[in-house]
Protein chains: 2
Amino acid sequence: MKQRPGNTKADEQAINIIIAAVKSIAPMSGTDIELMLAILQYKTVKKHQLLLKEGEVSRNVYFLVSGFFRMYYIDFDGNEINYRFTDQHNFLVDFQSFLIQKPSHFYWEAMQDAELFVLPYRDIQDAYASSPAWNNFGRLMAEHVYLQLNERVEMLLFMNPEERYLHLLKTKPELFEKVSQFHLSSYMGVKPESLSRLRKRLLKK
Amino acid sequence: MKQRPGNTKADEQAINIIIAAVKSIAPMSGTDIELMLAILQYKTVKKHQLLLKEGEVSRNVYFLVSGFFRMYYIDFDGNEINYRFTDQHNFLVDFQSFLIQKPSHFYWEAMQDAELFVLPYRDIQDAYASSPAWNNFGRLMAEHVYLQLNERVEMLLFMNPEERYLHLLKTKPELFEKVSQFHLSSYMGVKPESLSRLRKRLLKK
DNA sequence: GGGAAACGTTGACGTTGGTTAAGAAATGAA
DNA sequence: TTCATTTCTTAACCAACGTCAACGTTTCCC
């Protein structure tokens, strides 16, 4: 792992976590893992710090060793709209900005102190070019993210706010522990007041 | 190209179209193209015919040489909800069902007589395994489909129906030529009556 | 601990989309 | 051509979300 200026030190534990996460996505030989360890950079981020701002190009894929992030967008009226939440032990990337290397529409904010690994765009493209296993990993990761996004479209397209709430309760109960009603509401595509009323309505039933 | 029973015959022209489409997504050597031609099957479909039904597993990727398809879903109330439209010279796949080989939620219907190429799941997985170029292609296709879907989420999440209509007019004018207002409405996430009213409202401005 | 900020709830009111129903217009098939 | 089907529009009514505002509660941070 690169120890560049500004890099804090990753412990054994953190490295084992990312190796397990990668292997759970695609099979990897020792050499392929070495390739990854050589490009990893370790970083810590304080609560409320931003990893990415609107207008910046996402030049990295991140892996969240610990902490919790939200990806949000600021709409025409200046409201923050939460687009996605990412929990620890997951990869974290503005896939759109990363893939086409264009400025992002999003902000990435740490909602808790976080530790993460940084995988620079350039190094990942090199890995794709030099290792079939990494290319395979890239394909699986894209497919994986596609499926996640697909779930979101289905929720927004096929369900009304009440159904979305019940669906999230059932499929992502963790969210309700980590995220305030306020932040959840924009993720659901409604205003905080509407979520509050919706919950009241459901309680009556 | 395999000439199995039931396969009609593809002409030179159709083969050139798919080769061009593949090369526009990822660079391919002659050998890689041969690999594809060896697994291609040619098929024609009449207007209103279904390529896939809810509950079936999507066992193929298709390439649309000519014609126009809609992918739709039937909601709890029995309404057909259009999820995606695919025009000629594009790949056509229920990515979710295809990736995990689980039953699809969707129907694929030809809205015009169509000619297409069929690429079976098994053969594609073999191509991924045997050719890095195909793995690369698979990754790029997944990324490409991701970006398309992402556009859709942004539209549904960040815009109200009126904004969605104006946005589609600007970004996908072809849709308005090929698709009736009726079919467009469910794609936009509203009822036909609402789209009609919305258009009337806009005309007044 | 205390003040500020963020969050949650409620009310009143306007707007808009859903629902139902009906009929006109366009399209398609026999 | 003619009949049936699909699509489009309009109307009336209702339910639900957005907006604005007020206020209580919780959390955060110095």
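Residue numbering restarts at 1 for every chain, and letters A, B, ... go by the order of the sequence lines.
- Distances from the side chain of B:E193 to the nucleotides D:dC20, D:dT10, C:dT16 place D:dT10 closest.
- A straight line from OH of B:Y165 to P of C:dG17 spans 14 Å, rounded to a whole angstrom.
- Using a 4.0 Å cut-off, some side-chain N or O of A:Q181 falls inside it from OP1 or OP2 of C:dT9.
- Listed nucleotides C:dC7, D:dC8, C:dG17 differ in distance to B:R201; the shortest reach to its side chain belongs to C:dG17.
- In this entry the distance linking NZ of A:K191 with P of C:dC13 reads 22 Å, nearest Å.
- Here the closest heavy-atom approach between residue B:L92 and residue B:L51 is recorded as CD2-CD2, 3.7 Å.
- OP1 or OP2 of D:dC17 has not a single side-chain nitrogen or oxygen of A:R164 nearer than 4.0 Å.
- Taking side-chain N and O atoms only, B:S194 has no distance below 4.0 Å to OP1 or OP2 of C:dG17.
- Closest-nucleotide positions on DNA chain C for A:S196 and B:N79 were compared, and the one nearer the 5' end corresponds to A:S196.
- Of the charged side-chain nitrogens involved, none lies within less than 4.0 Å of a carboxylate oxygen, so that A:K178 and A:E174 do not count as a salt-bridged pair.
- As a whole-Å value, the separation of B:N160 CG from D:dA16 C1' is 15 Å.
- One atom, CG of A:L184, and another, C1' of C:dG8, lie 13 Å apart when rounded to the nearest Å.
- Under the 6.0 Å cut-off for aromatic ring centres, B:Y165 and B:F176 qualify, their centroids lying closer than that.
- Residue side chain A:R197 reaches the base of D:dT19 through a donor-acceptor N/O pair under 3.5 Å, judged by distance alone.
- Straight-line distance from the CG atom of A:L202 to the P atom of C:dT9: 13 Å, rounded to whole Å.
- Test B:D126, B:N136, B:D32 against B:S131 for side-chain hydrogen bond (donor to acceptor under 3.5 Å, both in side chains) and you get one pass: B:D32.
- The phosphate of C:dT10 (OP1 or OP2) has a side-chain N or O of A:K200 nearer than 4.0 angstrom.
- Toward the 5' end of DNA chain C, the nearer of the two residues A:H183 and B:H48, judged by each one's closest nucleotide, is A:H183.
- If you take NZ of A:K178 and P of C:dC7, they are 17 Å apart, rounded to a whole angstrom.
- Rounded to whole Å, the distance from CG on B:L198 to P on C:dG18 is 10 Å.
- Contact between the side-chain N/O atoms of B:K47 and the OP1/OP2 oxygens of C:dG28 is found at a separation under 4.0 Å.
- In this structure, the CG atom of B:L195 is 10 Å from the P atom of C:dG17, given to the nearest Å.
- In this structure, A:N90 contributes its side chain and A:D87 its backbone to a donor-acceptor pair below 3.5 Å.
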